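Here's the structure, in structure tokens; my notes come after.
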Amino acid sequence: MRITGLIFNVQRYCIHDGPGIRTTVFMKKCPLRCLWCANPEAIKGIPEILYYQNRCNKCYRCLDACIHGAISVPSYGEFVTIDRNICERCEDHMCITSCDQDALKLAGRLISVQELMEEVKKDNIFYRNSDGGITVSGGEPTSQPQFTLEFLKRCKEEGLHTTLDTCGYTSWNLMKEILKYTDLILYDIKHMDSTRHKELTGVPNHLILRNLETIFTKTKIPTIIRIPIISEHNDSRDNMEATARYLKKIGATEVNLLPYHRLGIEKYQRLGMDYPLGTDIQPPNETYLEEIETIFTSYGLNCLRVY
Ligand code: SF4
Ligand code: SF4
């Protein structure tokens, strides 16, 4: 059976998504709605049009190309707008092919496991020379469980090291199958208070924590906990302390801190979306990050910062 998945990027030469040099496959679809998400093009499980206003020369060829009338211009001389409720996401994407400025791009392509294997195997030599491998990220890879499982399985058959970067919000039955072909887990923890977790991500944290505890009790797969540090949202000393205490209790040893950055903001504009976190939030400062690191190391956890 030809299993296909919807991905939005295959990034080569990654050095922060697991050991060595890696190729990271970014999959579409995510059950969470984190306010700070830096990959908004990953959230929906459908292909989406990105509009790069800075490249657009206002030739308006795309208006004529879109037979569904999804593209319009408020008045001559202004930038175009895409009505995403009208857009049919038609397969030939005439809007994109009509644009010779590269101002319209598609986020999301269907790919088979076989095609993806051929793509990632191109960098075999880098994986082998650096003890690197393949990372599946997103979005949330477990949102396309069959594809993720088959892809990781094929990677293992090829002798490649595999890393699953997950938010943990999935059924254990699905997760445990995927973990059969996973060498390393990068597991996100966003807030210890479930009510606050739901305000920040759209879902409570019970399932996420339960799955993490099951990973530590039922598997021996090395697991690195990844914590986004979002100023004024989850970075309070109380929450950091509670997270460190919890991680120590369940047997975690490795923590990565992911300080908030604003690099994703432009992507929201390209997708015609509002930036849900608002533009006032600043990245955490160095002194406070050092304090947070001290909290985790005081619980005996190895703590690294990842940007
Ligand atoms: S075809 Fe491209 S450059 Fe021309 S108006 Fe449309 S997006 Fe802009
Ligand atoms: S994908 Fe199709 S419907 Fe959507 S804007 Fe492009 S041409 Fe129009």
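Whatever order the structure lists them in is the order used to number ligands and atoms, beginning at 1. Since the structure is predicted, the reported quantities are computational estimates derived from the model, not experimental observations.
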Review point. Between E177 and K180, does a salt bridge (Lys or Arg N to Asp or Glu O under 4.0 Å) hold up when you go through it step by step?
Key: CA-CA 5 Å; E177 292 305 311; K180 286 179 184 167; 2.8 Å; yes

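- With R109 as the partner, the salt bridge (charged side-chain N to carboxylate O under 4.0 Å, His left out) test is satisfied by one option alone out of E119, E41, E115: E119.
- Taking the charged nitrogens against the carboxylate oxygens, D123 and R12 do have a contact shorter than 4.0 Å, which makes a salt bridge.
- Salt-bridge check for D102 with K105: passed, with a basic side-chain N closer than 4.0 Å to an acidic carboxylate O.
- I15 CD1: 12 or fewer foreign heavy atoms inside a 6.0 Å radius.
- Ring pair F26/F8 is tilted by interplanar angle, where 30° to 60° counts as tilted.
- A salt bridge is defined here as a Lys NZ or Arg NE, NH1 or NH2 lying under 4.0 Å from an Asp or Glu carboxylate O, and R196 with E199 meets this definition.
- Of the options Q144, E48, E140, a side chain to side chain donor-acceptor pair (under 3.5 Å) to K28 is made by E48 and by none of the others.
- For the pair K153 and E157, the salt-bridge criterion is not met [side-chain N within less than 4.0 Å of a carboxylate O].
- If you look at atom 4 (Fe) of ligand 2, the protein N, O or S atoms less than 2.8 Å from it are C87 SG.
- Within the protein, the number of N, O or S atoms lying under 2.8 Å from atom 8 (Fe) of ligand 1 is 1.
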